[in-house]
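Chain letters run A, B, ... following the sequence lines, proteins first, then strands; residues in each count from 1.
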Amino acid sequence: DKLVYLALGELRPPFDRLEFNLADKLIVRALGVGWEEYQRVGDLGELAEKITNHKFSNSQMTVSEVYEQLVRIAKDSGSGSQERKVRGVATLIKQMDPISAKYIVRMVAGKLRLGFSDKTVIDALSYLENGNKEYSEMLDRAYQKRPDVGVLAQMVKEWGAEKAAEKIDVVIGTPIVPALAQRLKTPREMIAKMGRVYVEKKWDGTRVQIHFSRGQVRTFTRNLDESSAMFPELTKIADQVNADEVILDSEAVGYDPKTGKLVPFQLTITRKRKHGVVEAQSSVPLRFFVFDIMYLDGKSLIHLPLQKRREILVKTVSKGDVLVVDEHIETDDPDVLREYHKKQLEAGLEGALVKQIDGEYMPGRTGFNWVKFKESEDSRAKLADTIDAVIMGYYLGKGKRSDFT
DNA sequence: CATGGCTGCCC
DNA sequence: ATTCTGC
DNA sequence: GCAGAATGGGCAGCCATG
């Protein structure tokens, strides 16, 4: 597991992230060279490689030892920690050959770019099993339920790919890869591809996966980062949940405390902050529009059809101020769909989400299980803005970019 | 202590 | 979030 | 048609600078 995290330039999975908190300046200090030297080379990794070049060390650190040292450096905090971190990195680099130093330094600086993702690790684990990608799909499905490549690697080593995939299941406290929606233009295409559909509002807020258990609530973003600290209101939802443990999928949207009206995305997103969380909570309170349930009291629900999950959801979450289970419609008529969408736009929403009525909870943007129906592209949602500009000055490039001048 | 450059993470 | 590109 | 890389607007926060 350690090797797998290191290969990705991380120490732990995103939902349990560990940061180094060492900026360029401090790393340059750890390398024991002048700032000008860094300016000249332009890349901390190459700098580290260069300075370890002539004093090659033949100490044999194991992957575990390197990993433990990195964790120790990352975990250090409080008074004097900067100095200790700098010394820690320096000591580590001294024991390394130049190439290792290059990559370790890039990792600490948060600038490791190996073109290596969780998907690559999954393929590697399949190769480990039988030398090809035969097991990738199976392992990927397991990964979607529990997206922790470290755990996956450990399980595959211990049990083999097939058994590991079978054993891995949704666990509370580890985010599930969220289901995403495809985009289609016309209601006709939607009905053609999906048949009778389940339709709900598309809220313009931020995605929140809620892991509720008695005594603790944790939340995760669309990209699997933990966001629990953002949402103090979720500490008081116990009376709205008729279960001991649930995983819910929701969209959080801010509202004006005076009028009760929902606010635009740009205001909702100001709730994503580290400081002043409580103050922000009173100026932009949130409602969590819950649209799915993936886990209930020890059992994964992701393989149940949407209708069934919805039934369970309605029974599990009761009315209240924080969690809201909104209404939906069901139809197989493109005109009804178009009308519903129009109504949502008029009400100031982003549009509608159209879902296969008997679809499982499908992580990622797989097939046409969920489809979003937004405003047409020409009126809004443009990517490219243009400006007229005059160049008033420029900086000389450094490192690799010094050639541009 | 105020400001701008820059990054990370929402969409 | 959208758009582009290679397969 | 799909996955992955590369791109945009806008927010908070960190850091160096002066």
*Asks:* Using OP1 and OP2 only, check whether a side-chain N or O of A:T206 sits under 4.0 Å from B:dC11.
*Replies:*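 Answer yes for this pair, as a side-chain N or O of A:T206 is under 4.0 Å from OP1 or OP2.
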
*Asks:* In this structure, how many angstroms lie between the P atom of C:dT2 and the CG atom of A:L184, rounded?
*Replies:*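 After rounding, the gap between these two atoms is 13 Å.
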
*Asks:* Kindly assign one of parallel, tilted or perpendicular to the pair A:H211 and A:F220, based on the angle between their ring planes and the thresholds 30° and 60°.
*Replies:*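 The rings of A:H211 and A:F220 stand perpendicular, inter-plane angle above 60°.
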
*Asks:* Using atom CG of A:D204 as one end and atom P of D:dC11 as the other, report the distance to the nearest whole Å.
*Replies:*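 Interatomic distance, CG of A:D204 to P of D:dC11: 13 Å.
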
*Asks:* Scan side-chain atoms only and decide if A:E189 and A:T186 contain a donor-acceptor pair under the 3.5 Å cut-off.
*Replies:*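 Yes, a side-chain donor-acceptor pair sits under 3.5 Å.
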
*Asks:* For the side chain of A:K372, counting heavy atoms from C-beta on, which of C:dT2, B:dC11, B:dC10 is nearest?
*Replies:*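 Nearest to the side chain of A:K372 among the choices is C:dT2.
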
*Asks:* Can you confirm whether the side chains of A:Y361 and A:D292 place a donor and an acceptor under 3.5 Å from each other?
*Replies:*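 No pair is found: no donor N or O on one side chain lies under 3.5 Å from an acceptor on the other.
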
*Asks:* Looking at B:dC10, I'd like to know if its phosphate oxygens (OP1 or OP2) sit under 4.0 Å from a side-chain N or O belonging to A:R207.
*Replies:*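 Result: no.
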
*Asks:* Separation of A:K119 atom NZ from C:dC7 atom C1', in whole Å?
*Replies:*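 After rounding, the reported distance stands at 17 Å.
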
*Asks:* Can you measure A:E137 atom CD to D:dA3 atom C1' for me and round it to whole angstrom units?
*Replies:*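 Answer to the nearest Å: 14 Å.
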
*Asks:* How long is the line joining CD1 of A:I27 and P of D:dA16, in whole Å?
*Replies:*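 These atoms are roughly 11 Å apart.
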
*Asks:* Test salt bridge (Lys or Arg N to Asp or Glu O under 4.0 Å) on A:K2 and A:E68; report intermediate values, then the result.
*Replies:* CA-CA 9 Å; A:K2 296 178 179 118; A:E68 293 308 333; 3.8 Å; yes

*Asks:* For DNA chain B, which residues in residues 263-284 of chain A have a heavy atom at a distance below 4.0 Å?
*Replies:*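 Output list: A:F265, A:I269, A:K272.
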
*Asks:* A:K133 NZ to C:dC7 P: how many Å, rounded?
*Replies:*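 Result: 13 Å.
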
*Asks:* Between atom NZ in A:K374 and atom C1' in C:dT3, what is the gap in whole Å?
*Replies:*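 Computing the A:K374:NZ to C:dT3:C1' distance gives 14 Å.
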
*Asks:* Sequence neighbours left out, what pairs pass ring pair (Phe, Tyr, Trp, His ring centres under 6.0 Å) with at least one residue falling in residues 228-272 of chain A?
*Replies:*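 Residue pairs passing ring pair (Phe, Tyr, Trp, His ring centres under 6.0 Å), neighbours aside: A:F231-A:F288.
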
*Asks:* In whole angstrom, give the distance that lies between atom CE of A:M230 and atom C1' of D:dC11.
*Replies:*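 These atoms are roughly 11 Å apart.
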
*Asks:* How about CD on A:E65, more than 12 heavy atoms from neighbouring residues, nucleotides or ligands closer than 6.0 Å, or not?
*Replies:*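 Result for CD/A:E65: enclosed.
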
*Asks:* Checking A:F289 now: which residues fulfil ring pair (Phe, Tyr, Trp, His ring centres under 6.0 Å) with it, not counting sequence neighbours?
*Replies:*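 For A:F289 the ring pair (Phe, Tyr, Trp, His ring centres under 6.0 Å) partners, ignoring immediate neighbours, are A:W203.
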
